[in-house]
Amino acid sequence: MHVPLIDVKDQTMDVVLALEDDSLLHLEFESSEPTMADQIRYGHYDLELFAQQQKLIRRIVIFAAGIQKTPEPLHIGSLTTHQHVIHLNRHFDGADELERALLKIQRHKPLDAQDKIRIMLLPMMFEKPQERSQAAWKITEALHQENSDNSTYLIGTMVAANFSNLLSPEKEKILEVLRMAYAFQELYREFEEKGREEARKETAITALKNKFDVETVAKLSHLPLEKVLEIKKELGL
């Protein structure tokens, strides 16, 4: 299974996974009772996806805690759809999963693929909106304090999958954490690029002082020839 492609539009999320057999997996997340309108929307999305990719599409619909009804596949004569349905409250206990995830994060244990998927779905394992919001914030706090390479990604995917079900003030606090993380990453990239530029310049200066020709210095330092000529002029060489 490859990295998910996540498309967020109007606070709803479509997730498409590229599977090892070259088929596509279309995931849908629902926190309300299934309707015929939902099935029509899924079918429309899958037809659009097939028109673009020309690949077999599998669909899984994941229902939040509290939803018991299983939707009927769409059958309109010329077209029949198929899907797998997962009711989270039949497979997971939200409180137990929250405690398990928090302990693993706080003990600095590596999160495997199943842990990451459970974190993404964790708020939906609670039936009440306030409980979902509080669970999402607790996970966000723990991941933010851990500050690992995957923290921002995990928080972001969890929020995207549960956006319409999160309440204030937890939602605003989580979004602020994501905004701060994004700003930090942009600043870090800026400093990193400046560091690389300084290293290239130092390489060019050393090579020029050792009487390498400018073409060779440009190749060694990965700087444009014009920049090397400018440095040489500054050095008075």
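Keep in mind that what you see is a predicted model, and the values were worked out from it rather than measured.
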Which heavy atom of [X] sits nearest to which heavy atom of [Y], and what is that distance?
| X | Y | answer |
| --- | --- | --- |
| Pro71 | Gln83 | CG-NE2, 3.5 Å |
| Leu166 | Arg132 | CD2-O, 4.0 Å |
| Asp38 | Glu33 | OD2-O, 4.0 Å |
| Asn89 | Gly66 | ND2-N, 3.8 Å |

### Query
Can Glu170 and Gln130 be counted as having a side-chain donor-acceptor contact under 3.5 angstrom?
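Present: a donor and an acceptor within the cut-off.
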### Task
May I ask you to list the residues sharing a hydrophobic cluster with Val85, side-chain cutoff 4.5 Å, ordered by chain and number?
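When side chains under 4.5 Å apart are linked, the cluster holding Val85 also contains Tyr42, Val61, Phe63, Ile67.
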### Task
Could you work out the complete set of other residues in the hydrophobic cluster of Ile40, with links drawn between I, L, V, M, F, W and Y side chains under 4.5 Å apart?
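Met36, Leu47, Leu74, Ile76, Leu79, which link up through side-chain heavy atoms under 4.5 Å apart, make up the rest of the cluster.
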More than 12 heavy atoms from other groups under 6.0 Å of [atom1] on [X]:
| X | atom1 | result |
| --- | --- | --- |
| His84 | NE2 | no |
| Lys138 | NZ | no |
| Phe92 | CZ | yes |

Distance check, rounded to the nearest 0.5 Å: [X] atom [atom1] versus [Y] atom [atom2]?
| X | Y | atom1 | atom2 | answer |
| --- | --- | --- | --- | --- |
| Ile155 | Glu141 | CD1 | CD | 10.0 Å |
| Thr81 | Arg59 | OG1 | CZ | 4.5 Å |
| His91 | Met125 | NE2 | CE | 10.5 Å |
| Leu19 | Leu24 | CG | CG | 7.0 Å |
| Glu127 | Leu88 | CD | CG | 12.0 Å |

Do [X] and [Y] have side chains that get closer than 4.5 Å, going by heavy atoms?
| X | Y | answer |
| --- | --- | --- |
| Ile174 | Phe163 | no |
| Glu146 | Leu111 | no |
| Val16 | Tyr45 | yes |

### Query
Got a sec, which pairs hit side-chain hydrogen bond (donor to acceptor under 3.5 Å, both in side chains) with one end in residues 61-72, sequence neighbours left out?
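Those involving residues 61-72 do not exist here.
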### Query
side chain to side chain donor-acceptor pair (under 3.5 Å) with Asn165: which of Ser133, Ser32, Ser31?
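By the side chain to side chain donor-acceptor pair (under 3.5 Å) criterion, Asn165 pairs with just one of Ser133, Ser32, Ser31: Ser31.
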#### Entry: Sequence neighbours excluded, every pair satisfying ring pair (Phe, Tyr, Trp, His ring centres under 6.0 Å) that has a member inside residues 107-131
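Ring pair (Phe, Tyr, Trp, His ring centres under 6.0 Å) check on residues 107-131 returns no pairs.
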### Query
Taking 4.0 angstrom as the limit, do Arg179 and Glu176 come out as a salt bridge?
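Yes, Arg179 and Glu176 are salt-bridged.
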Side-chain polar contacts of residues 114-123 - donor-acceptor pairs under 3.5 angstrom, sequence neighbours left out - could you list them?
{"residue": "Asp115", "atom": "OD1", "partner": "Arg100", "partner atom": "NH1", "Å": "3.2"}
{"residue": "Asp115", "atom": "OD1", "partner": "Arg100", "partner atom": "NH2", "Å": "3.0"}
{"residue": "Asp115", "atom": "OD2", "partner": "Lys104", "partner atom": "NZ", "Å": "2.6"}
{"residue": "Asp115", "atom": "OD2", "partner": "Asp112", "partner atom": "N", "Å": "3.0"}
{"residue": "Arg118", "atom": "NH1", "partner": "Glu97", "partner atom": "OE1", "Å": "3.4"}
{"residue": "Arg118", "atom": "NH1", "partner": "Glu97", "partner atom": "OE2", "Å": "3.3"}

Kindly list each side-chain donor-acceptor pair under 3.5 angstrom involving residues 222-237, sequence neighbours excluded, with atom names and distances?
none

